[in-house]
Amino acid sequence: MEKLEKSFGFFTVFTTVVGMVIGSGIFVRANTVFSLTEAPGIGLILWIVAGIISLAAGLTVAELGAAIPETGAMISWIERVFGKKMGYIYGWTQVVIYLPATMAALGIVFGSQLAIFLGLDPLKYDIPLGIGTIIFLGILNSISSSLGGKIQIVSTIGKLLPIFIIIIYGLFFGVKNGTHHMTPIINMHPSHGKSLFVALGGVMTAIMFAYDGWIGCGTLAGEVKNPGKNLPKAIFLGLLLIVIVYTAINIAFLMVLPWDKLAYTATPANDVARILFGDMGEKIVAVAILLSIFGSINGYMLTSIRVPYAMATEGMLPYSNILGKVNNKLKTPLNSAIFFLITSVLFCFTGKFDLLADMTMFVIWIFYVLAFVGVVLLRKKEPGLKREYKVPLYPITPIIATVGGVYVIVSTFFNMPMYSIGAIVISLLGLPMYSYLERKKNKELIFENI
């Protein structure tokens, strides 16, 4: 079977991390953070805490990516530590829930922002515009892997410039006018009626979606040049930059508007830009937001289409003989891309960004925690495995990632128990599929040996 080529260097992987993470979350989830906390101080602190957890998580799984650089990433890592069945459940969950639902969530918010920019009704046009964007980028990434990587580099550079402008001008505005809205630090009795634990859990889930996406570069591991060096460096530098950017832009927001204004607007960045730069500036920022989400969708597309491909090459999806093919002419997993586009479009018809975003965080962090634990277990199970990179401050870094991950899982369950149970049930449906495909493979082997 023809293999995917090693065509990605450090800068492509770095921009994939930054491009996938900095998408819609920083622009559309600020209102969730401040509306649930009703206190800007704790809101800012939680942006930093979530960044530290994400950084610890990225540094931890980078050890697995460097030691086991295979396309499919965590499927291979979890399988290596916990066995083939558990690796399959993770891959199944990615294919049927996490990746297409995340893509749909990004597509919906992009469609909504594009509709607003074009003067259309976002409630009417968000889904058609989102679906069109997903299909367009799916076609581009199916034509060429290097083209998808180049789009990622350009879109990442393009999105960071206006973000830095908002940060600089927002901070200058606050200093010049003596406006800052950083207090109160915490509100022990928020008015929404939820307990502080549940409210903060909802905030963490919202923020973790804004930080999510760093794992995607691990999916490219089999196509990365010198993965032992480039993967951990790209993850660390990318996430460090993102923590700084997210914290700084939220401070800039609060220099311009009070938390209660930010809490009850669907477009906080646009509102801040209107005050800082006027109507024309707001339009420019709106373009930057669109470019940012566009780049995030492209990053997910670039990495996600490789997951069904990786599973199909092992015969672990229906029609694996089709999904596991690399197109001879394009040198891309074209059939896998088509399959992923269909599932993503189906999720788009839910039309609910927040629901999709929170559900994906619940289900994916279960497996992230398994990966963190897997780093520890693999060191004991395979001490002789070549590790060009080892997680720093071991075991403190994996412990931070694990504790943070467990909190996200538990708090999300309390915030949306029915959808969380639904996500678990869909994931567990992978067990009968695994058994069926294993029996099918065994029968084929028996016939081959007759």
Does Ile53 reach the side chain of Trp365, with side-chain heavy atoms less than 4.5 Å apart?
-> yes
Straight-line distance of Ser420 OG to Ile424 CD1, nearest 0.5 Å = 6.5 Å
Answer whether the closest heavy-atom distance between the side chains of Phe253 and Asp271 falls below 4.5 Å.
-> no
Measuring from Phe110:CZ to Thr133:OG1, what's the distance to the nearest 0.5 Å?
-> 4.0 Å
Where do Gln113 and Ile293 come nearest, in terms of heavy atoms and distance?
-> CG-CD1, 4.1 Å
Look at the aromatic rings of Phe277 and Tyr169 and report parallel, tilted or perpendicular, splitting at 30° and 60°.
-> perpendicular
For Tyr407 and Thr205, run side-chain contact (heavy atoms from CB on, under 4.5 Å): C-alpha distance rounded to whole Å, both residues' side-chain angles, the deciding distance at 0.1 Å, then the answer.
-> CA-CA 9 Å; Tyr407 180 69; Thr205 303; over 6 Å; no
Taking Trp92 for the side chain and Ile426 for the main chain, is one N or O donor matched with an acceptor at less than 3.5 Å?
-> yes
With a 4.5 Å limit on heavy-atom distance, are the side chains of Val376 and Tyr394 in contact?
-> yes
CD1 of Ile108 to CZ of Phe349: how many Å apart, nearest 0.5 Å?
-> 10.0 Å
Smallest heavy-atom separation, Ala50 atom then Ile207 atom, equals CB-CG2, 3.3 Å
Can you measure from CD1 (Ile409) to CZ (Phe414) and round to the nearest 0.5 angstrom?
-> 13.0 Å
Heavy-atom pair with the smallest gap, counting every atom of Ala104 and Phe347 = CB-CB, 3.5 Å
Is the number of heavy atoms from other residues, nucleotides or ligands within 6.0 Å of CZ (Phe14) greater than 12?
-> yes
Counting distance only, does the side-chain N/O of Ser411 pair as donor-acceptor with the main-chain N or O of Val408 below 3.5 Å?
-> yes
Are more than 12 heavy atoms from other residues, nucleotides or ligands located less than 6.0 Å from atom OH of Tyr419?
-> no
Criterion side-chain contact (heavy atoms from CB on, under 4.5 Å) on Phe413 and Ile421, from CA distance to verdict = CA-CA 8 Å; Phe413 183 86; Ile421 292 171; 3.8 Å; yes
Tell me, do Tyr309 and Phe339 make a side-chain contact under 4.5 Å, heavy atoms counted?
-> no
Once you round to the nearest 0.5 Å, how far does CD1 of Ile45 lie from CG of Asn250?
-> 12.5 Å
Given the rule in the side-chain contact (heavy atoms from CB on, under 4.5 Å) test, do Glu63 and Arg379 qualify, once you have shown the distances and angles that lead to the verdict?
-> CA-CA 10 Å; Glu63 179 172 314; Arg379 285 198 181 191; 2.8 Å; yes
Which atoms form the tightest heavy-atom contact between Thr397 and Pro392, and what is the distance?
-> OG1-O, 2.7 Å
Do Leu137 and Phe294 touch side chain to side chain, with heavy atoms closer than 4.5 Å?
-> yes
Please step through side-chain contact (heavy atoms from CB on, under 4.5 Å) for the pair Ile134 and Leu341, ending with a clear verdict.
-> CA-CA 7 Å; Ile134 289 171; Leu341 285 176; 3.6 Å; yes
Side-chain (Tyr211) to main-chain (Leu239) donor-acceptor, under 3.5 angstrom = no
Gap between atom CE of Met359 and atom OG1 of Thr412 - 0.5 Å precision = 12.0 Å
In terms of heavy-atom contacts, Asp279 and Arg274 come closest through OD1-CG, 3.9 Å
Heavy atoms of Phe173 and Met255 approach each other most closely as CD2-O, 3.8 Å
So do the side chains of Val81 and Lys381 get within less than 4.5 Å of each other, counting heavy atoms only?
-> no
Main-chain N/O of Ile305 paired to Ser336 side chain as donor or acceptor, under 3.5 Å | yes
Can you find a heavy atom in the side chain of Tyr88 that is under 4.5 Å from one in the side chain of Glu79?
-> no
Decide if the gap between the ring center of Phe367 and the ring center of Tyr98 is smaller than 6.0 angstrom.
-> no
Any Met204 side-chain heavy atom under 4.5 Å of Met361 side chain | no
